[in-house]
Number of protein chains: 2
Amino acid sequence: MTTPSRKSRQFALRGQEILDAALVLFQSDSWEDVTVAEIAQQAEVGKGTIYKHFASKDEIYAQLAMLFQRQILARFSIIDPQLPVIERFRQNMCAAWEVHLSSKELHRVFLYCSRSGFRSRLSPATLGEMLAIEQQIAQPTHLLIAEGVEQGIFPPKPLAKLLFGAQSAFWGAIQLVWSGYLGDIDQAEHLDDLTRFILAGLIYHDQPIDLPGRASA
Amino acid sequence: MTTPSRKSRQFALRGQEILDAALVLFQSDSWEDVTVAEIAQQAEVGKGTIYKHFASKDEIYAQLAMLFQRQILARFSIIDPQLPVIERFRQNMCAAWEVHLSSKELHRVFLYCSRSGFRSRLSPATLGEMLAIEQQIAQPTHLLIAEGVEQGIFPPKPLAKLLFGAQSAFWGAIQLVWSGYLGDIDQAEHLDDLTRFILAGLIYHDQPIDLPGRASA
DNA sequence: CATTATTGTGACCGGTGGTCATAAAGTCAA
DNA sequence: TTGACTTTATGACCACCGGTCACAATAATG
């Protein structure tokens, strides 16, 4: 039982090699043009072999995207749960941000797989797997905001509403920064600004109109 | 000069018909699978004709995306410039939101064309055209925030920083809402939440940590 | 070693975006 | 009306892609 029969271990290894080969080719800027045949060549296997390991090219993308998601999850798990809510929130964002920074290839594939156009043509099994991981990723933030509401740091609004804003801003920022529209400010500063923005959006979510004591400026 | 020679007018008309035909087919959920041959059939022209009007299939996507952008621009221009900053900001967001709501097809194509993977394979000419429109779209928000800073409504931070948060949140929200992850709340409520969130993020951008007087809740 | 089960392979297929020689249609001077 | 000439329309054709499958190679079993 602990022995997946030696042969199947080697089989699994081949699968990894194929994913690795794909990732190497995806470093190129024209990564969307990489063909299955090229992946096969890079992995030193026949093209048919690829389809013994993955049902489709999209499945390769999906597996890489899930690898990326699991990296985020792993990065979340090392955050000290004793820290105050705001600090944990900060570290949470920083963790996700860093993972996105850590591998341009995985980041790109992840974004590619996040489009609903991609998901709609994914097999139900793989789609379910992805959604499950995504739920795991969302949970820490979910709990964090709930805790913040309990402690009176965030306004007592429905969780869904608070999450919506925070998620939107983070998600949008990731895409904006990596799309290269804005090249001047560096990444770390972006994260700091984003954190400020999101925390302000959460904390002052119910009182945006009464201006703070700045009208004198 | 005012007469583009009758013939060329009909030629331009054909181009429009092709775009219209494409848009009809893009209503389908599997719109990414629509082929050039199908568009030709829908437009009642030969496939080769399509390539007399558009350099590539991507060019068709791009033209539709730009149509969408021009709709946003038109919607912006009817906002009363006399209104106070915050109200104009609200209407600005509402305008963009409504355009996104108004046509699922155009919205989808627009998102598709926003991916950097798409832009990188676009012809420099068309890309430049798109960027120009995007700059026009961004300008009202840019000016609005600058005005808000002048009036002391928003903190005196660099425009780029304030814009970054606002843009991120809006962009992310659009994608989140339309991806169908969250199905319960209706669109109008989403917009209201988002507006609150963004305004709070802007107004309180520099003082997120000193908690407001709510710790009693 | 023979038998069986599993994994690897590349020739092959349907279909796609894109091209191009040719046909059709329009324009205009005489 | 005609005929020379320019612009627009067309579908057969091409290269290439993702995906399949009959068969070869290899490993496990007895």
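Numbers restart at 1 for each chain; the letters A, B, ... are given by sequence-line order, proteins then strands. The analysis underlying the following values was restricted to heavy atoms, covering all of them including side chains, and did not include hydrogens, waters or symmetry mates.
If you look at W178(A) and W97(A), their ring centroids are closer than 6.0 Å. Annotation: Y204(B) is not in aromatic contact with F154(B) [ring centroid separation under 6.0 Å not met].
Remark: C1' of dT16(C) and CD of Q41(B) are 15 Å apart, rounded to the nearest angstrom. In this structure, Q10(A) places its CD atom 14 Å from C1' of dA25(D), rounding to the nearest Å. To the nearest angstrom, C1' of dA28(D) lies 14 Å from CZ of R9(A). Put simply, CD1 on I50(A) is 14 Å from P on dC17(D), counting in whole angstrom units. Between I39(B) atom CD1 and dG18(C) atom C1' there is a gap of 13 Å when expressed in whole angstrom units. Following rounding to the nearest Å, D58(A) (CG) and dG18(D) (C1') show an atom-to-atom distance of 10 Å. Y51(B) has its OH atom 12 Å from the P atom of dT16(C), to the nearest Å. Rounded to a whole Å, the NZ atom of K57(B) is 8 Å from the P atom of dG18(C).
Remark on DNA chain C: of its neighbouring residues F11(A) and K52(B), the 5'-side contact belongs to F11(A), judged by nearest-heavy-atom nucleotide.
Across all strands, T35(A) comes closer than 4.0 Å only to sugar-phosphate atoms, never to a base (heavy-atom distances).
Side chain K47(A) to base dG19(D): a donor-acceptor pair is found below 3.5 Å.
Remark: H53(B) is not in phosphate contact with dT8(D), judged by side-chain N or O atoms under 4.0 Å from OP1 or OP2. Within the 4.0 Å cut-off from OP1 or OP2 of dT7(C), not a single side-chain nitrogen or oxygen of R14(A) is found.
The pair E134(A)-R119(A) counts as a salt bridge, with a side-chain nitrogen and a carboxylate oxygen less than 4.0 angstrom apart.
Remark: R108(A) is not positioned above the aromatic ring of Y112(A), lacking an NZ or CZ atom under 6.0 angstrom from the ring centre and at most 45 degrees off the axis.
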